[in-house]
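Whatever order the structure lists them in is the order used to number ligands and atoms, beginning at 1. Quick caveat, the model's predicted, so the values are computed rather than measured.
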Amino acid sequence: MLSASFVCGAFCHGTVNADTTPDASGFVDEIFTAIAGEVPDTAKVTNIKAALEDGSITGIEAAHRIVFSTEGFNANRDDETFIESMKNAANNDLSSLMGLPTFIFFGELENLTREDVFEWYVSTHGFQQLCVDYGIDPGEYGDGNFTDPEAPMIALTFDDGPSQYTDMILDCLEEYGQHATFFVVGYNAVDYMDQIARADYIGCEIGNHTAGHANLTTLDTVGIFQQLRRVDKYIYMATGHNATVIRPPYGAFNDNVRLVAQAPLVLWNVDTQDWETRDTQSTIDNIMNTVQDGDIVLMHDIYESTAEAMLTVIPELTAQGYQLVTMSEIAEGRGGMEPGGAYYRFRQLDEI
Ligand code: ZN
């Protein structure tokens, strides 16, 4: 994981030259060429240029889309080639090399994600200077919102965990720079606090699936409150905050549940049936044959077959240009969510 020394210090903080007229098109073309080693297909980068031009994204956000989305150049490369591309894009100048983290220098790649390498790249003098040259505000890495609400996105969701298979899914999400939402139950949360903390750390969202997988419609308001609160306690211990979304077990809710819920209720519109089939290929097919922009996909991270399926689904959806996002990310820019509201999908231009 990253440490504070990752930031390369005095060299790296370019400021936008007020005399430079922002040139979004030139910036995107140069950065794409630097990373991909070839000039971009103009049609593919049009949206990135437009967003940069109207100020809705920063230089770092534009670079992220160029590196990770198929709008720009789809980083369908092995880890070594990926790192080589980013080093070349950083110009390999002296100050960039000084900022080069030792794990890249010495090729310690095991614990390194592509997101880590990207974070290093945008902190280099080479990248920051490019922003100055083209009059582009680089923005701050930590403030980056790398989700484009207009581009296709899917919310993968996992219930009933965490389990011994959750790390497999997290590894894959992390490798491809993607996110998902994990609706945890109390009796598993207590044994897998590390996985909850890790998921939260890498940008996934943690949801509440009740303490005991209760059918909330059979309980009175006090019972509902207790079922929800006992999970939040664990989530808070692992992440420093409560669950931001709730999935009622069996999808069962009523007016009492809506009233007591202090977060949005998230249902689904694509049911993989993974709990029933426990079959990797069937789970893959149920997603790949039906999934569309804005879908919420129901799965369970307590089955090895589901985790195995993710090793195919996550790279394939990413390669098809989908952003794999959390519930909060898919809702943002597509109508949002309210505590107690119930949400089944977030199509573009859908009425929520
Ligand atoms: Zn469940």
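Residue contact annotation: His300 places no N/O/S atom under 2.8 Å from the Zn ion (ligand 1). Inclusion of Asp159 in the first shell of the Zn ion (ligand 1) is not supported: no N, O or S atom falls under 2.8 Å.
Between Arg198 and Glu174 there is a salt bridge, with a side-chain nitrogen of the basic residue lying less than 4.0 Å from a carboxylate oxygen of the acidic one.
Under the 6.0 Å distance and 45° angle rule, Arg334 does not count as a cation-pi partner of Phe346.
Checked against the 6.0 Å centroid threshold, His300 and Phe158 do not count as a close aromatic pair. Residues Phe182 and His209 place their aromatic rings such that the two centres sit no closer than 6.0 Å.
Closest approach between the Zn ion (ligand 1) and any N/O/S atom of His209 involves NE2. The atom of Asp160 nearest to the Zn ion (ligand 1) is OD1, with the search restricted to N, O or S atoms.
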